[in-house]
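Chain letters run A, B, ... following the sequence lines, proteins first and then strands; every chain starts at 1.
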There are 2 protein chains.
Amino acid sequence: MALLDEEGVGRLTMRRLAERLGTGSTTLYWHVKTKDDVLDLALDAIFAEVGIPQRGAPDWRAGITALISEWRAVLLKHPWSAALLGRPMLGPNVLARSEFLYATLLEAGIADPHLTAAAYGLSNYVIGSALMQTTWPTGEEQAARQATQDHLHANRERYPTLATHGPLVVDGDWDTSFTIGLTWLLDGIQANAATTRGRGRQTERE
Amino acid sequence: MALLDEEGVGRLTMRRLAERLGTGSTTLYWHVKTKDDVLDLALDAIFAEVGIPQRGAPDWRAGITALISEWRAVLLKHPWSAALLGRPMLGPNVLARSEFLYATLLEAGIADPHLTAAAYGLSNYVIGSALMQTTWPTGEEQAARQATQDHLHANRERYPTLATHGPLVVDGDWDTSFTIGLTWLLDGIQANAATTRGRGRQTERE
DNA sequence: ACCTGAACACCGTTCAAGT
DNA sequence: ACCTGAACACCGTTCAAGT
């Protein structure tokens, strides 16, 4: 994990990892079957840092929001992790998080087509957000950032809206954008919880 | 692209690519600076397949939905692509798609904090969905799928909700889940378009 | 039960040299 | 302007051998 945090996934090597651990590289293969196993273990390990809120709180939205926010914070803290999410997540820490998510939504009155959609939707949204944010040229890579801005401005006839309203131009902060989108999702989920219980109808929008 | 589609990103090698092209591996370095460049080019190339709807249609929701659906279809058609989205997307085809997205939202009356949130939210959602769907054990890997189901069932005291309502158990189809979540996002965006124009207020939720 | 060293088949990339 | 071959420094992984 230290190696990953400091140097990124591209520089994680069985040989370098072994060196860090003070052994020969081939020794690792006694404890681990393959390099992919190392990555799977590292990925599940960061989920241990995701604090799981107390179950059964009266305000389910607060609970879900807390979980999703913690999850996002952890993904951003370990920038290599988001890119690794393209592998099945079945470690115990991941499952504990999923259990909370499903249980809370279920108690909130979300029934089954919407339940799956809600769990997927929230997960997809966090993963996509973290992936995009950790990918994008950060403030440090001012050069790359400036280059794309220039490129957009140079081709502003072809991309008029992007050149004036696009990201990297307005650079609103990630947090508020994330919160707004999360609110939209939660509103939708909440509306369908109401549907299940008999109030309102919002699902069909042809 | 053919090599990627057939064998996946893990088997894309400069040497194998060269062989496929009928040259020596080192020849490639005349046309391309590094292997990452190859991946960047491949990634932008698939965006050329994303059909961009006609601009300025009366129903902006239909336009956005069409774009997002096409985008998703292309990502799923090239399963290696979603995992590659963890790199800046600045090719011309990507930019054309972004331009449509921003322009259509802007014309729909979405103003700037919400505009960025909407563009990010939609993009994050498609990317996350495609990544998760292409990652998850497909029907072909029945073994892996069954193994995780068994594991969940064996530990059903610890994961009661997952064991009975989790994914891989109910296996609702991806398409409907995706559509439901997309509807939630669009509803939220639409509500904020109305806000901008003076009707309703939904942004603040304590 | 755990560690080591040598070895294998493969990488991405450079560079002088060819046409 | 484009292609080639040899070469470098590095991979993941195996396996017989040690303790």
Could you state the atom-to-atom distance from CG of L17(A) to P of dC11(D) in whole Å? 12 Å
Please give me every residue in residues 23-37 of chain B whose heavy atoms get under 4.0 Å of an atom in DNA chain C, ordered by residue number. T26(B), Y29(B), T34(B), K35(B)
Donor-acceptor check, side chain of T27(B) to backbone of T23(B), threshold 3.5 angstrom: yes or no? no
For L39(A) and dG12(D), give me the distance from atom CG to atom C1', rounded to whole Å. 12 Å
Consecutive-pair stems (3 or more, Watson-Crick or G-U, under 3.5 Å) for DNA chain D: C:4-8 with D:12-16, C:12-16 with D:4-8
Does a side chain donor of either D5(A) or W80(A) reach within less than 3.5 Å of an acceptor in the other side chain? yes
Do the ring centers of Y102(B) and Y159(A) come within less than 6.0 Å of each other? no
Check whether R20(A) reaches the backbone of L17(A) with its side chain - one donor and one acceptor, N or O, closer than 3.5 Å. no
What is the distance from atom OG1 of T179(B) to atom CZ of R72(B), rounded to the nearest 0.5 Å? 6.5 Å
d(CG, L21(B); P, dC2(D)) in whole Å: 15 Å
Look at the side chain of E99(B) and the backbone N and O of T161(A), then say whether any donor-acceptor pair between them is shorter than 3.5 Å. yes
Kindly say whether the aromatic ring centers of Y125(B) and F178(B) come within a distance under 6.0 Å. yes
Under a 4.0 Å heavy-atom cutoff, the residues of residues 6-15 of chain B touching DNA chain C are L12(B), T13(B), M14(B), R15(B)
Taking the six-membered ring of F47(B) (Phe, Tyr or Trp), confirm whether the NZ or CZ of R97(B) is under 6.0 Å from its centre and within 45° of its axis. no
For salt bridge (Lys or Arg N to Asp or Glu O under 4.0 Å), just list the numbers for E6(B) and R11(B), CA-CA rounded to whole Å, side-chain angles, deciding distance to a tenth of an Å, and then say yes or no. CA-CA 9 Å; E6(B) 290 168 22; R11(B) 307 209 43 176; over 6 Å; no
With side-chain hydrogen bond (donor to acceptor under 3.5 Å, both in side chains) as the test, would you mind laying out the steps for D173(A) and T176(A) before giving the verdict? CA-CA 6 Å; D173(A) 67 316; T176(A) 50; 2.6 Å; yes
